[in-house]
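Notes for the one structure printed next.
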Amino acid sequence: MLDRKYLIDHADLVQQNCHNRGVAVDIDTLVSLERQRRERLAQVEELNRKANEVAKSIGQTKDAVEREARKEEGRRLREEKDAAQAEHDRLERECHALQAAIPNMTHPNAPVGGGDHANVEVRRGKTPIRVFDFTPKDHVALGEALGLIDLDGGARTTGHGFYFLRNEAVLLELALQRYVLSVLEAEGFTLTTTPDLAQNHILEGIGFLPRGPETQVYSIENSDLSLVGTAEITLGGLYSGQTLDAEQFPMKVCGISHCFRTEAGAHGRATRGIYRVHQFTKVEMFAYTLPDQSDAIHDYLMDLECRIFDGLGIPYRVIDTCTGDLGGPAYRKYDLEAWMPGRGTAGEWGEVTSTSNCTDYQARRLDIRYRVKGEKGTRFAHTLNGTAVAITRAIIAILENYQQADGSIVIPEALRAWVGKDRIAAKS
RNA sequence: GGAGAGGUGGCUGAGUGGUCUAAAGCACCGGAUUGCUAAUUCGGCGUAGGGUUAACUCCUUACCGCAGGUUCGAAUCCUGUCCUCUCCGCCA
């Protein structure tokens, strides 16, 4: 959510930004409603002030008749105030609804446009794309042949989009978690495990829509809880309503969670295997920073994602996401796309991680503030998030990039200590 | 799940319908004073919104877990709800 005053004072900039992002909003209506709201607010406060005066004078009035007259006056003022208040609240709700629909402002260097062709590749990983002297299989074939992924079992027990990992895939999942935790711990992240459910107002604060036809969220019946789609939700909610100390910043936290996504409307689009599933495990990085730190921390998170995939020996490219593809809260977003040799006809890039600078957009909704020692008042923190590792996509990249002609799969060097072996042997 | 107790400023903690504009202490900030790792003393010390201004300058509204209600007036009374603590039960 953007600041109300900023919206009113920079209506043109906001309008242009919404246009760049392909979001239709009516700024003029908002400006007009907000003006009405403020008039009404002034009225409410004036009536309240008068009523307070009257109420106070009654305590000091001895004369019974006079007291009754004052009481009547007080009653009248409160009634008027209640009416004005109701009108104000109605305007406030309208303003808030319009305001909440407006996306974050955008980094001046983010590429303007929409669609894949507008995205800009900004970097390549250290590992070159491997040239195969045999036809590489995709992760579905590999997973089936080696007894690593059971999609049928998942479909039987739970439904399409669910799966069982088996044998070495289980070890890989745990190894990947352990590997990124060792990187993040050394970088000073606070390691956490997190709730897999969160209250709906937290989801909304982060920018998810727990309700409505377009929701990507599983909600729990007869409660205000939803399953989280990412630990970004809980890590962002962690300090909601809090005023933090500026000296704590930048504050780096990482969290392991299960991620649940309905993926409504995504059928048929790259749904093969475990690429797009309804549940997976992820280690998420999250940072709370001062406003002038967030750009640098965003680059830092992107660097860490690169280091993690360089360390795994997987080829990737980094994309600076164009304005049309940015989610509402993101000021700027980088995606890492790993090379997946089994995708498409001759391999394709597939998104494996993503990192966003959300500036104060989430903090304003979640009420996450900070205080600078010696300064009056508080300000909103900046929040950033980034994927350290999304297990299913990382497993796809490993299986497909490390497959051998004999059908076996070499375990990436960085994971061997955690997996306890250096190769997944081919089944005879 | 049952029974009880309790949520008040950064912290401790008073406050049971009207100078609460929330006592006091601690902590913190500024000044004064005194020769000894500091004491004493004076003052200041919240957040958010609106208006106003050269200026957090002045005015004002709201906020005592949260949401309602009663009342001219609520930290205080009523209802609901959330959370914390203690004991019991159950449990990985």
Side-chain angles (χ1 to χ4, degrees), chain A residues 1-9 30-100 193-205 210 220 222-226 234 237-249 251 258 288 291 360-381:
Chain A
M1 191 163 62
L2 293 175
D3 178 51
R4 185 86 52 97
K5 265 190 227 156
Y6 179 89
L7 279 169
I8 304 299
D9 295 343
L30 177 56
V31 170
S32 146
L33 284 173
E34 171 64 5
R35 199 185 58 244
Q36 293 175 50
R37 185 189 72 84
R38 285 195 192 175
E39 282 169 14
R40 203 57 82 167
L41 180 62
Q43 199 182 347
V44 169
E45 292 189 347
E46 179 59 17
L47 287 166
N48 231 339
R49 195 186 57 74
K50 282 185 188 162
N52 284 344
E53 258 175 26
V54 169
K56 227 173 257 179
S57 74
I58 292 174
Q60 286 143 15
T61 305
K62 298 281 177 273
D63 181 71
V65 177
E66 177 67 15
R67 276 177 78 99
E68 281 313 309
R70 293 279 175 92
K71 280 191 189 183
E72 184 49 40
E73 169 79 357
R75 261 190 291 268
R76 189 182 59 77
L77 284 166
R78 288 294 181 201
E79 270 169 30
E80 276 183 52
K81 182 226 125 189
D82 286 345
Q85 181 82 53
E87 178 64 8
H88 168 271
D89 291 351
R90 188 185 64 77
L91 289 164
E92 168 57 25
R93 277 193 299 276
E94 280 187 48
C95 283
H96 187 268
L98 285 171
Q99 185 184 3
T193 60
T194 63
D196 285 339
L197 291 93
Q199 293 170 6
N200 288 330
H201 75 268
I202 301 289
L203 291 257
E204 283 159 14
I220 306 296
N222 300 323
S223 79
D224 69 337
L225 295 174
S226 295
T234 42
L238 184 58
Y239 292 109
S240 62
Q242 305 292 298
T243 301
L244 303 165
D245 191 339
E247 288 165 33
Q248 298 172 263
F249 289 154
M251 198 156 64
H258 294 114
Y288 294 87
D360 60 1
Y361 191 89
Q362 295 175 327
R364 185 167 291 109
R365 271 198 233 191
L366 292 170
D367 193 27
I368 303 166
R369 298 162 182 275
Y370 68 90
R371 189 193 312 279
V372 178
K373 207 173 176 187
E375 276 184 24
K376 215 172 151 71
T378 58
R379 294 166 184 271
F380 289 111

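For clarity, every value in this text was computed on a predicted model and none was experimentally measured. By convention in this document, chain letters (A, B, ...) are assigned in the order of the sequence lines, proteins followed by strands, and residues within each chain are numbered from 1.
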Legend entry - Identity of whatever pairs with rG17(B) - Watson-Crick or G-U, under 3.5 angstrom: none

Inset, instruction - Could you measure between the two P atoms, the one in rG7(B) and the one in rU16(B), and give it in whole Å? - result: 13 Å

Inset, instruction - Have a look at Ser57(A) and say if it touches a base, only the backbone sugar-phosphate, or nothing, with a 4.0 Å heavy-atom cut-off. - result: nothing

Inset, instruction - Select base, sugar-phosphate, or nothing to describe what Arg76(A) touches, counting heavy atoms under 4.0 Å on all strands. - result: nothing

Inset, instruction - Provide the Watson-Crick or G-U wobble partner of rA3(B), both distances under 3.5 Å; none if there is no partner. - result: rU86(B)

Inset, instruction - Answer yes or no: does atom CZ of Arg379(A) have more than 12 heavy-atom neighbours from other residues, nucleotides or ligands under 6.0 Å? - result: no

Legend entry - Validation row: Arg4(A), Gln99(A) side chains within 4.5 angstrom (heavy atoms): yes

Legend entry - Pairing partner of rG35(B) (Watson-Crick or G-U wobble, both distances under 3.5 Å): none

Inset, instruction - Kindly compute the distance separating CD (Glu87(A)) from CD (Gln43(A)), expressed to the nearest 0.5 Å. - result: 9.0 Å

Legend entry - Watson-Crick or G-U wobble mate for rU47(B), both contacts under 3.5 Å: rA62(B)

Inset, instruction - For Leu41(A), report the nucleic acid contact type (base, sugar-phosphate, nothing); a contact means any heavy atom under 4.0 Å. - result: sugar-phosphate

Legend entry - Donor-acceptor contact below 3.5 Å, side chain Asp360(A) vs main chain Ala381(A): no

Legend entry - 5'-most by nearest nucleotide on RNA chain B - Arg369(A) or Asn52(A): Arg369(A)

Legend entry - Whichever of Arg49(A) and Gly377(A) has its nearest RNA chain B nucleotide further upstream toward 5': Gly377(A)

Legend entry - Under-3.5 Å donor-acceptor pair between Glu45(A) side chain and rG49(B) base: yes

Legend entry - Thr378(A) side chain reached by Tyr370(A) side chain, heavy atoms, under 4.5 Å: no

Inset, instruction - Considering just the side-chain nitrogens and oxygens of Lys5(A), establish if one lies under 4.0 Å of OP1 or OP2 belonging to rG50(B). - result: yes

Inset, instruction - Looking at every strand, decide which applies to Arg38(A) at a 4.0 Å heavy-atom threshold: base, sugar-phosphate, or nothing. - result: sugar-phosphate

Inset, instruction - Pick the P atom in rA14(B) and in rA24(B), then give their distance to the nearest Å. - result: 15 Å

Legend entry - Counter-base of rA55(B), judged by Watson-Crick or G-U geometry with both distances under 3.5 Å: none

Inset, instruction - Please determine if a side-chain N or O atom of Thr378(A) lies less than 4.0 Å away from the OP1 or OP2 oxygen of rA48(B). - result: yes

Inset, instruction - Find the partner of rA24(B): check Watson-Crick (N1-N3 plus N6-O4 or O6-N4) and G-U wobble (N1-O2, O6-N3) distances, both under 3.5 Å, and reply none if neither fits. - result: rU12(B)

Inset, instruction - Using a 4.0 Å heavy-atom cut-off across all strands, classify Lys50(A) as base, sugar-phosphate, or nothing. - result: nothing

